[in-house]
**Q** 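This is the structure I want to talk about, given as structure tokens.
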Amino acid sequence: MRLLRRRLGPLAGTLAAVLLASACAGAGSTPTGGADKADSAPGVTDDKVVIGTHQPLTGPAAPGYSTISAGARAMYSYINDKGGIHGRKIDYRVEDDGYNPTRTVEVVKKLVLQDEVFAIVGGLGTPTHSKVVDFLNSERVPDLLVASGALRWDDVAKSPTTFGFQVDYTREGKILGSHIRNNLGGQKVGVLHQNDDVGRDGMKGLDQFIADAVVSRQPYDPANTDVLPQITALKNAGAQVVVCECVPAFTALAILTSARLGYKPQFVVSSIGADPRTLAGLLADFAKRGGTEVSAGALLGGLIGAGYLPDAAADDPWITLFKEVHQKYIPTVPLTNTVVYGMAQAYTFAQALKEAGHDVTRQKIIDTMTSGALKGPGLTPFAFGPDSHSGYTGAYIFKVNPDTSTTMIAAPVVTDRENGPIKPAPTTRKTPTEIALVR
Amino acid sequence: MAADTVIAPAPPAPVTSRAGLSPLARHLLLAVLALAAIVLLSMVVDPFTNVRLATVGYYLLAVAGLTVLTGLTGQVSLGHGAFMFVGAYTVALLVVYVPALPFWVDLLLAAVASGLAGALTGAAAARLTGPYLAGATLALAVGLPSVTQRFPDFLGGSNGLGFTVNSMPAGLAGTVPSTRWQAWVVWAVVLAALVLLANLTRGRVGRRLRAVRDDEVSAALAGIHVGRMKVFAFLVSAVCAGLAGGLQAFLLGTAAPGSFTPALSLSLLAAMVLGGVGSLWGALWGALALVFLQAGSEELTHALALGTDVSNNLPLAIYGLVLIGVVLAFPQGIHGIGRTLRTRLRPRRTPARTSADDEGEA
């Protein structure tokens, strides 16, 4: 035995040393920073720029969101066919993360370390993207136009390379809350919200206006598609207005479940789950799986929602452009507001890439984002600046007609993420012809 | 960590093998060689392959734990994802709320927490067999991650917890890429745990476990406490899965309920069957298949530019087909292929290899 011990000592010691080597600092303490890699431009060559994104092409958020990347890809194809940006084609790599944070970390590491993308553009989802923000910032990868309205993307000190895109949930909550107080005052309000930042940040805004009117708050978990307990609780609490801070699949489930219970509240839905054409498709699909048929128009008619991009059926110069791109590249995918979202996001990135100049680096595109030069397709301006990485600053309110078209019932307004006032949005917008991104 | 505890479970009279080394020495030697190989490999491959290398490592440990449970005591668990969940959340909570603790302490505590969960499950499972046991463990896999919904402020709800684990010694920062360092740490822990497992299965405890598996009545007559052995097997197995979960949290910097679905538990089980039940080498083949078969078929579907519906399901279909193919052709899994070939090539060796030998390989 003694011989054995002597022989094994060094071997076991080596193993133990590797383990103990990690004992030098607390696991949760901040590591010392690495080299500054911001002034380089990985993924950029003379004829192309490689960018990546993570999207839920499968999983609980896929119904509704899987067409965003289709819209973005169509827009990039359009730009590439017109000669690209500064003579470079945009190589858009989409990785499916299934709305599963573990997968998100894996695919984003793959995009950054293996594909060596220049930037991550439009990474989708709060639970998913929040797990890669630290990694992207420590690697100094531009993390642009995150497809989620959580407040956490706007953290200039901690996440200098991360930028939001859509209106954040708190701003939107304030606008929805104020609309309910002014137009549906005196009614009992129930809230159905996703059990994460979507709900938390949203209610922060709502409660500034309608905290007293709320009779019930019901969270849902995106992994559990049964919302019967929540809808029953809202019904029993006597909620006449139900605010839905939900992704499209759960807006549809909430509407279907309410119909099944014979419960007809006024639904008020935040922009992430309020695209009527996507909802119509989901309602038909879910009902078919349940063995019934529904009239999407009857279920959706009267629904109130928020938006910040022009409606896919609106008479708008941007929609004219998007329709042209849609017709040419993805005619088989229905042109929904979700597809418009993907196109608007892609256009905004391409615009930033152009503004950053021919000799683009990671630092230059971040400087461009904060310069305030970006004027996108939205109906409200961006908040981008040296002190803010927030995207759109406000929203408008629309009502769904029985034929699932929409009518704007409150003009675009802007506000801040704190307690500031709600003001009318500036009415001047740039048209695609004025921006002249491509010839 | 490993230095002292490794010596303890060695059998009182070490059996020397054909190389003249005791099993413990042989396992340790193999582990050190394997670690050296991993370090060399990690130097030549790109940073992302290092992430995959580390992924293979923690899956290997989880599958190894499962294969010890199933191969040695005949118990089946459809809920090992739940133990990974316990390990991952223990590490996550410690990193977030007790940032001063070094990482290896976090990992040890993750092993303790998952061991407790395993012992509790094992105590219930020891009374169940067959489909009832499968059902009970499956319920664990379905139910446990929902705990995060009950305490959204503490456990982060659906969002889970995100953090960065700082484990790199100050001297190495800047010289060793972080993914390479992560691969080293993961594999060092995995190999240390595998040495312990291999010795455990080779020694007295392993013989008792196999006795319980083969015939509970005769094992009881021989003085073995059947229930205790079953609980113990569950505990060991859960510790492995918990460590694997802790390493996953370390590697990815996240713990979220969406990552610990029943599908994870089932894919661990599938990897075990694919590699070969009861063999630690089989666990390695299973873990490799789990990571690289998936990655390979995803790249294939990307390259073929198929429609979204097809390309999203093809990797799973390929994995399923390979599993069916291997099980039909080689019921003992991938490891069985090697064994069959070896037996044919070197028939003289056959009588020397006992079943205990197979199960103790590491």
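Just so it is clear, the model here is predicted, and its values are computed rather than measured. A, B, ... follow the sequence lines: proteins, then strands. Residue 1 opens every chain.
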**Q** Under the criterion ring pair (Phe, Tyr, Trp, His ring centres under 6.0 Å), which of W184(B), F103(B), Y58(B) is the partner of F250(B)?
**A**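 Testing each of W184(B), F103(B), Y58(B) against F250(B), the sole residue satisfying ring pair (Phe, Tyr, Trp, His ring centres under 6.0 Å) is F103(B).
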**Q** Between T254(B), T55(B), N50(B), which has the largest tally of heavy atom pairs under 4.5 Å with chain A?
**A**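 Of T254(B), T55(B), N50(B), T254(B) has the most heavy-atom pairs under 4.5 Å with chain A.
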**Q** Go through the atoms of T261(B) and report whether side chain, backbone, both or neither lie under 4.5 Å from a heavy atom of chain A.
**A**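 Neither the backbone nor the side chain of T261(B) comes within 4.5 Å of chain A.
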**Q** Which of the residues Q114(A), K109(A), K131(A) is involved in the greatest number of heavy-atom pairs with chain B at under 4.5 angstrom?
**A**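 Going by pairs under 4.5 Å, I would pick K131(A).
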**Q** Please check if the side chain of Y169(A) supplies one atom and the backbone of G149(A) the other of a donor-acceptor pair under 3.5 Å.
**A**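 Looks like yes, one N/O pair under 3.5 Å.
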**Q** Heavy-atom distances under 4.5 Å only: say whether Q194(A) touches chain B with side chain, backbone, both or neither.
**A**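 Nothing of Q194(A), per the 4.5 Å heavy-atom cut-off to chain B.
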**Q** If only atom types and distance count, is the side chain of S66(A) paired as donor or acceptor with the main-chain N or O of P63(A) below 3.5 Å?
**A**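 Not a single qualifying donor-acceptor pair exists.
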**Q** Using heavy-atom distances under 4.5 Å, tell me whether V94(A) contacts chain B through its side chain, its backbone, both, or neither.
**A**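 Only the backbone of V94(A) comes within 4.5 Å of chain B.
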**Q** Would you mind telling me which of D226(A), N195(A), T225(A), V247(A) makes a side-chain contact (heavy atoms from CB on, under 4.5 Å) with Y220(A)?
**A**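 Passing option: V247(A).
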**Q** For R103(A), is it the side chain, the backbone, both, or neither that has a heavy atom closer than 4.5 Å to a heavy atom of chain B?
**A**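 R103(A) touches chain B through side-chain heavy atoms alone.
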**Q** Does any N or O in the side chain of Q182(B) come within less than 3.5 Å of the main-chain N or O of L252(B), such that one atom is a donor and the other an acceptor?
**A**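 No: the side chain of Q182(B) does not pair with the backbone of L252(B).
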**Q** Which answer fits N224(A), side chain, backbone, both or neither, if we ask what part of it has an atom under 4.5 Å from a heavy atom of chain B?
**A**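 Neither part, no heavy atoms under 4.5 Å.
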**Q** Considering only NZ, NE, NH1 and NH2 on the basic side and carboxylate oxygens on the acidic side, decide whether R200(A) and D197(A) come within less than 4.0 Å.
**A**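 D197(A) and R200(A): salt-bridged.
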**Q** Can you tell whether the side chains of K89(A) and D91(A) come within less than 4.0 Å, N to carboxylate O?
**A**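 Looking at K89(A) and D91(A), the cut-off is not met.
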**Q** Which bit of T126(A) comes within less than 4.5 Å of chain B, counting heavy atoms only: side chain, backbone, both or neither?
**A**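 Both parts, heavy atoms under 4.5 Å.
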**Q** Counting only non-hydrogen atoms closer than 4.5 Å, does E116(A) touch chain B with its backbone (N, CA, C, O), its side chain (CB onward), both, or neither?
**A**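 E116(A) has no heavy atom closer than 4.5 Å to chain B.
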